[in-house]
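First the structure, in the form of structure tokens, and then the observations on it.
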Amino acid sequence: MNNRKVAVSWSGGKDCCLALDQLIKDGYEVACLVSMVSKKDDRNHAHGTQLNFLQMQADAIGIPLVMIDSAGQYEESMINGLKAIKEQFNLSSIAFGTLYVSEDRQWNELVASQAGLQALFPVWITKNESINLLNKWLMTGYNAIVCRASERIFDSSIVGRTLNVDLKEIFTSKEICPMGEGGEYHTFVIDGPLFKERLNIKDVKIILNSGLWSLNIKELHTVIK
């Protein structure tokens with residue numbers, strides 16, 4: 001088995017994108033991206049992104065995307081799905097974009113081990129290092145937009161905005177985790193160094209869903225770079 005062959009747990013957002021970028025820089029062979037989805041709802045669980053747009057994002061990067069349907073049994077479905085892709089892609093590991101929440105890391109390690117995989121954490125940091133990681137993101141050349149944000153903290157105008165220095169200042173003024181690790185906001189990456197094509201969002205609607213301002217993408221196109 002190639003012990004450098006890895007899958008990446010994929011939400012479509014900045015954290016997993018940073019993990020993917022770091023793995024490639026470290027010489028790993030990324031065989032696939034893995035996203036937990038609800039095929040019934042036609043969305044991924046992490047950020048509620050429509051599945052066709054999530055697929056377009058993976059195609060723009062050029063790495064196969066495996067969608068695992070939770071089918072009402074999230075943990076069991078994920079473990080069984082990971083077992084299948086371990087054999088399909090001859091994997092040794094799965095990487096997660098988990099930042100500093102130890103409970104999340106423990107759960108990631110549990111499902112990985114039950115699937116016979118090693119869990120990797122390329123962007124693991126301490127909570128105090130969150131601002132440094134955001135600064136690193138802003139220098140990578142990737143472009144992400146806010147696709148979800150807490151109604152408790154933000155008004156709807158933040159959704160659809162590019163994650164940039166202006167938003168960093170807003171996060172700092174609100175004294176929240178600048179990386180949104182507490183669920184304050186989520187992102188969808190539309191361009192960057194690994195992208196062979198740029199995602200161009202043409203039509204959106206902002207909706208309020210379970211306390212989250214959410215970007216409901218109506219139309220998305222790819223543009224050759």
Find out whether [X] and [Y] are in side-chain contact, i.e. whether some heavy atom of one side chain is under 4.5 Å from a heavy atom of the other.
X    : Y    : value
S77  : D69  : no
F188 : L220 : yes
N135 : K168 : yes
Y28  : P122 : no
W137 : L163 : yes
S130 : L99  : no
L133 : K136 : yes

- Pairing of K83 and E87 as salt bridge, 4.0 angstrom limit: no
So, does [X] use its side chain to make a donor-acceptor pair with the main chain of [Y] at under 3.5 Å?
X    : Y    : value
K196 : A60  : no
Q22  : V123 : no
R105 : F96  : no
K174 : I153 : yes
N44  : S11  : yes
K5   : F89  : yes
T187 : K14  : yes

If you measure from [atom1] on [X] to [atom2] on [Y], what distance do you get to the nearest 0.5 Å?
X    : Y    : atom1 : atom2 : result
W10  : M67  : CH2   : CE    : 12.5 Å
L194 : I63  : CG    : CD1   : 6.5 Å
I201 : I217 : CD1   : CD1   : 4.0 Å
M179 : L18  : CE    : CG    : 5.5 Å
C147 : H186 : SG    : NE2   : 7.5 Å
Q57  : L199 : CD    : CG    : 6.5 Å

- Given side chain to side chain contact (heavy atoms under 4.5 Å, CB included), test W107 with M78 step by step and report yes or no. CA-CA 12 Å; W107 187 82; M78 185 170 185; 3.4 Å; yes
- For residues 139-152, the side chain to side chain donor-acceptor pair (under 3.5 Å) pairs (sequence neighbours left out) are D21-Y142
- Might you confirm whether atom CD of E219 has over 12 heavy atoms from other residues, nucleotides or ligands at distances under 6.0 Å? yes
- Above 12 or not: heavy atoms from other molecules or residues under 6.0 Å from CD of Q55? yes
Checking [X] now: which residues fulfil side-chain contact (heavy atoms from CB on, under 4.5 Å) with it, not counting sequence neighbours?
X    : value
S70  : M36, H45, Y74
N164 : T162, D166, L167
I206 : S156, V159, W213, L215
I207 : K205, S214, N216

- Item | Shortest non-hydrogen contact between I85 and C32, atoms and distance | CD1-SG, 4.2 Å
- Message: Is there a path of hydrophobic side-chain contacts, each under 4.5 Å between heavy atoms of I/L/V/M/F/W/Y residues, joining V37 to L33?
- Response: yes
- Item | Contacts of F195 that satisfy ring-ring contact (aromatic ring centres under 6.0 Å, His included) - sequence neighbours left out | none
- For the side chain to side chain donor-acceptor pair (under 3.5 Å) test, which of D104, D15, N108 pairs with T98? N108
- Task: Check the pair S157, D155 against side-chain hydrogen bond (donor to acceptor under 3.5 Å, both in side chains), reporting the backbone distance first and the verdict last.
- Result: CA-CA 6 Å; S157 65; D155 62 41; 2.4 Å; yes
- Message: Students often mix this up, so state it plainly: with edges at 30° and 60°, are the rings of F171 and F154 parallel, tilted or perpendicular?
- Response: perpendicular
- Query: Under the side chain to side chain contact (heavy atoms under 4.5 Å, CB included) criterion, do D191 and K225 qualify, and how do the steps go?
  - Reply: CA-CA 10 Å; D191 196 11; K225 298 166 67 176; 2.9 Å; yes
- Does the pair K218 and V204 meet the rule for a side chain to side chain contact (heavy atoms under 4.5 Å, CB included), with working shown? CA-CA 5 Å; K218 298 291 188 180; V204 300; 5.7 Å; no
- Does the side chain to side chain contact (heavy atoms under 4.5 Å, CB included) test come out yes or no for Q106 and L110, once each step is laid out? CA-CA 6 Å; Q106 290 166 8; L110 173 66; over 6 Å; no
